[in-house]
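Accompanying notes for the structure given below.
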Amino acid sequence: MIPNSETSVVTIDRFIIEQEAMFPEATGELSGILYDLAVAAKMISSKVRRAGLIDILGAAGSDNVQGEHQQKLDVIANVIITKAMDHGGRLCAMASEEEEGVIPIPPQFRCGKYVLLFDPLDGSSNIDVNVPVGTIFSVLRRVTPDGGPGTVQDMLQAGAQQVAAGYVIYGSSTMLVYTTGHGAHGFTLDPSIGEFLLSHQDIRTPNIGKYLSVNDSYERYWSEPVRALMRRYRGLDMQREPMNVRYVGSLVADFHRNLLGGGIFVYPANKQAPSGKLRLLYECNPLAFICEQAGGAATDGRQRLLEIVPGELHQRSPLYIGSRNDVEIATRMLEADR
Ligand code: AHM
Ligand code: MG
């Protein structure tokens, strides 16, 4: 890699250090969590990149807590993150979409003041057809007293309490996007030097989007207000220009495209899935935090997503996330659903 004379090269490590220096009260512990996550992301990226070359495709033969079939790479990504994060002394517990309960910190390691929630490999059913997949993470400060192991109570906080969140997309390049509440910043992995380099500082999402991402094979199970909303986005009720429909079926890929280009990702409740499909703590909350930091919005159709107080770890939530105006239309039109 040879930088051109107009750009400066900023690694994710340097960016994290510089951000931390802006907050004298910071202890460096959150920065440490972000470094470790960036390392885990590189390790998962290298596995995903080799997925077509080595014989690790296909199901691992076990089901996750939602009864869904796990792919082998889900299991691998889950182990990579757990092992990269369990010994830094900064976390007191973890929770993963792929594991039923709280993942404790092994007794030989110190317990810190944060908890980490993650979806190790979202969209993994797409791996064997070479469609982008992603990792999503959320960091919360514990609410139980410092010192001992973390508990589920530390995890069941509204998304507005997140201190950091991010995702990694394993696409045509691998990118990591994160926020600590001071803007959303994106880094692209340069595989030749093994570094995430700052490529998208302070991402701003357009107020009015051009993309609509929804799986409309569920239309027959939607409520009438949801159907009307989708007709609105498509311009069928003549109230607006139609949006372009783009649905990868891999949340991180759909969200990332819409974040950069403007748009809305929608996974409504439906009669078969009364709370939708996506998990509040591992998928919806971290993306909502990033989206708001980029000037967008997120709702479950009733309230600001980040204000929902979760009742359980694997809770699902309907999701309407993206450009501010498009989310406002959803909020307005779904009033009839309340
Ligand atoms: P997963 O966590 O089991 O991979 O499922 C989540 C994925 C998301 O990436 C995607 O947005 C959604 O499932 C697609 O679901 P559907 O096939 O119902 O449209
Ligand atoms: Mg998932």
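Please read all numbers here as calculations on a predicted model, not as lab measurements. Every number for a ligand or one of its atoms is a count from 1 in the order of the listing. FYI, the numbering just counts along the sequence from 1.
- Looking only at distances, a side-chain donor or acceptor of Asp254 sits under 3.5 Å from a matching main-chain atom of Gly249.
- Remark: ligand 1 atoms within the under-4.0 Å shell around heavy atoms of Gly249 are 9 (O), 10 (C), 14 (C).
- Ligand 1 has no N or O atom lying under 3.5 Å from any N or O atom of Ser250, backbone or side chain.
- Residue Tyr218 approaches ligand 1 through these ligand atoms, each under 4.0 Å from one of its heavy atoms: 16 (P), 18 (O).
- Atoms of ligand 1 lying under 4.0 Å from at least one heavy atom of Asn215, given by number and element, are 16 (P), 17 (O), 18 (O), 19 (O).
- Below 4.0 Å from some heavy atom of Asp119 lie the following atoms of ligand 1, by number and element: 2 (O).
- Close approach of ligand 1 to Ser124 is summarised as follows: ligand atoms under 4.0 Å from at least one heavy atom of the residue are 4 (O).
- Considering only heavy atoms from C-beta on, Leu251 stays 4.5 Å or farther from Tyr167 through its side chain.
- A donor atom on one side chain and an acceptor atom on the other are not found under 3.5 Å apart for Asn285 and Gln162.
- Ion pairing of Arg279 with Glu312 is absent here, as no side-chain N (NZ or NE/NH1/NH2) approaches a carboxylate O to less than 4.0 Å.
- Side chains of Thr135 and Tyr170: a donor on one and an acceptor on the other come within 3.5 Å.
- Taking the six-membered ring for Trp and thresholds of 30 and 60 degrees, His185 and Tyr178 have ring planes more than 60 degrees apart, a perpendicular arrangement.
- Of the heavy atoms in Phe265, only side-chain atoms (C-beta onward) come closer than 4.0 Å to ligand 1.
- Vertex the Mg ion (ligand 2), arms ending at OE2 of Glu283 and OD2 of Asp119: the angle is 90° after rounding to 10 degrees.
- At a heavy-atom cutoff of 4.0 Å, ligand 1 is contacted by both the backbone and the side chain of Leu251.
- In this structure, the side chain of Gln157 engages the main chain of Asp154 through a donor-acceptor pair within 3.5 Å.
- At least one heavy atom of Tyr267 sits closer than 4.0 Å to an atom of ligand 1.
- Counting atoms of ligand 1 from 1 in the listed order, those under 4.0 Å from a heavy atom of Glu283 are 2 (O), 6 (C).
- Ring orientation note: the planes of Tyr282 and His314 are tilted relative to one another, at an angle of 30° to 60°.
- One finds a salt bridge joining Asp237 and Arg232 here, because a Lys/Arg side-chain nitrogen approaches an Asp/Glu carboxylate oxygen to under 4.0 Å.
- Counting heavy atoms closer than 4.0 Å to ligand 1, residue Val252 contributes nothing at all.
- Computed with the Mg ion (ligand 2) at the centre, the Asp122 OD1 to Glu97 OE1 angle is 150°, stated to 10 degrees.
- Listed by number with element, the atoms of ligand 1 under 4.0 angstrom from any heavy atom of Tyr247 are 14 (C), 15 (O), 16 (P), 19 (O).
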